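Keep in mind the model is a prediction, meaning the values are calculated, not measured. A note on names: the letters A, B, ... follow the listed sequences, proteins ahead of strands, and every chain is numbered from 1.
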Amino acid sequence: MPELPEVETIKRELEKAVLGKKITKVCIHHARVIRSPAPAVFQKQLKGVAIKKILRKGKLLIFELSNAKALAIHLKMTGQLIYPGQDTKETRVCFHLSNGKKLSFNDRRLFGELRIVDDWRQLQFVKGLGPEPFEVSIEQFKAMLAAKKTRIKPLLMDQTFISGVGNLYAAEALFRARIDPGRAASGLSEKEKEALFNEIRATLDEAIRYKGSSIDQYVQLSGRPGSFVSHHQVYDKEGKPCLICGTVIKRIALGGRGTYFCPKCQR
DNA sequence: AATGGGACCTGCGCGC
DNA sequence: TGCGCGCAGGTCCCAT
């Protein structure tokens, strides 16, 4: 669900919608999503504070605040940020802003995490993140793969290896690069590594242009769906014909995750 | 080091 | 119609 393109879409919209605005009040409808500090402190620390900068690191969203602290938001699987928001039964936290509108954090499954920190760079999660696909050269990418014997698809989803790619875009990029998701990373040819590098970037770029993939819970900040789903070639297409060769798309489990691929095109 | 499994959760779609 | 169940997948944690 929310992977790099989805979080980037929300980040860009947030910059247009809430940057510079002041938080006047925070309502907590379900405290489970507040990971730190304690809910009452969380509310107090945000009251009267302005949103000075909005960043994204991998799938993590960060608001830098006028009180020198930062609000870090991870949407995990089903988190949504909606603006302007209205409370629904899935609204867990809402931020009242100085213009009278609300920014809502909705999360059906309560996996999402909000935390206020002094320095987001010191978060363990952030420290562990690998580079984003756009932050490495082809040479670096090749060297990173050469050092790994593990299967390529779980590796692409490993945020400490590269950050931002999840189950959906790993599957799509591997299809476009014609690589079997179960192949050993170090066993890819130079050509395959180059194709994969290019296709990861191209897939993420395109997905951002279409404002993400709205399957399950993801929507843009406005609440509208992203439209990249119609460009998916394998994800969630088990039993459907491959768009290249007509072979039936298969679904297997890899690293405990549903993995879609064309057994003929991907070798 | 690599891999598998479970945990965290809810709601959906399935089979009966 | 309704019930129980498997399943979705981001991240962490533990076991092998």
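No hydrogens or angles considered: nothing links the side chains of A:Ser104 and A:Asn106 as a donor-acceptor pair under 3.5 Å. Judged by distance alone, the side chains of A:Ser137 and A:Gln140 do bring a donor and an acceptor atom under 3.5 Å apart.
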Could you pull out every donor-acceptor pair under 3.5 Å between side chains of residues 35-49 of chain A and any protein atom, sequence neighbours left out?
unit_1, atom_1, unit_2, atom_2, d
A:Arg35, NE, A:Arg32, O, 3.2
A:Arg35, NH2, A:Gly112, O, 3.4
A:Gln43, NE2, A:Val26, O, 2.9

Throw together a table of side-chain donor-acceptor distances under 3.5 angstrom for residues 223-230 of chain A, partners on residues two or more places apart or in other chains.
unit_1, atom_1, unit_2, atom_2, d
A:Ser227, OG, A:Tyr210, O, 3.3
A:Ser230, OG, A:Ser227, O, 3.2

Expected list for residues 258-267 of chain A: side-chain donor-acceptor pairs under 3.5 angstrom, two or more places apart:
unit_1, atom_1, unit_2, atom_2, d
A:Thr259, OG1, A:Lys153, NZ, 2.9
A:Thr259, OG1, A:Arg257, O, 3.0
A:Tyr260, OH, A:Arg251, NE, 3.4
A:Gln266, OE1, A:Cys262, N, 2.8
A:Gln266, NE2, A:Leu174, O, 3.4
A:Gln266, NE2, A:Ile179, O, 2.8
A:Arg267, NE, A:Lys264, O, 3.0

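Computed from coordinates, the A:Ile252 CD1 to C:dG9 P distance equals 13 Å when rounded to whole Å. A straight line from CG of A:Asp158 to C1' of B:dA2 spans 11 Å, rounded to a whole angstrom. Residue A:Glu6 contributes atom CD, which lies 13 Å from atom P of C:dG9 at whole-angstrom precision.
Distance check on atom P: C:dG9 versus B:dG13 gives 16 Å, rounded to whole Å. Comparing C:dT1 with B:dT10, their P atoms sit 25 Å apart, to the nearest whole Å.
Taking the nucleotide of DNA chain B with the nearest heavy atom to each of A:Leu110 and A:Lys149, the more 5' of the two is matched to A:Lys149.
Scanning residues 210-239 of chain A for heavy-atom distances under 4.0 Å to DNA chain B yields an empty list. Of the residues in residues 170-189 of chain A, not one comes within less than 4.0 Å of DNA chain C through any heavy atom.
Remark: A:Tyr83 pairs with no residue by the ring-ring contact (aromatic ring centres under 6.0 Å, His included) rule, at least two apart or across chains. Applying the salt bridge (Lys or Arg N to Asp or Glu O under 4.0 Å) criterion to A:Glu238, with sequence neighbours excluded, gives no partner residue.
Identified under the salt bridge (Lys or Arg N to Asp or Glu O under 4.0 Å) test for residues 131-146 of chain A, with sequence neighbours left out: A:Arg56-A:Glu132, A:Lys142-A:Glu190, A:Lys142-A:Glu194. Counting only residues at least two apart or on different chains, the salt bridge (Lys or Arg N to Asp or Glu O under 4.0 Å) pairs with a member in residues 97-108 of chain A are A:Asp87-A:Lys102, A:Glu90-A:Arg108. Under the salt bridge (Lys or Arg N to Asp or Glu O under 4.0 Å) criterion, the residue pairs touching residues 65-77 of chain A are A:Lys69-A:Asp118, A:Lys76-A:Glu113, with sequence neighbours excluded.
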Let me have a per-nucleotide readout for nucleotides 10-16 of chain C, 5' to 3', with B, S or -, counting only protein heavy atoms under 4.0 Å.
-> BBS----
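Counting only Watson-Crick and G-U wobble pairs whose two distances sit under 3.5 Å, DNA chain B takes part in these stems of three or more pairs: B:2-8 with C:10-16, B:10-16 with C:2-8.
In this structure the side chain of A:Lys59 never reaches within 4.5 angstrom of the side chain of A:Leu4, judged on heavy atoms.
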I would like to know whether A:Phe125 and A:His74 meet ring-ring contact (aromatic ring centres under 6.0 Å, His included); could you show each step before the answer?
-> CA-CA 10 Å; A:Phe125 177 78; A:His74 201 304; 5.5 Å; yes
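Results of the side-chain contact (heavy atoms from CB on, under 4.5 Å) test with A:Phe197 over A:Glu199, A:Lys193, A:Arg201 single out A:Arg201 as the only residue that passes.
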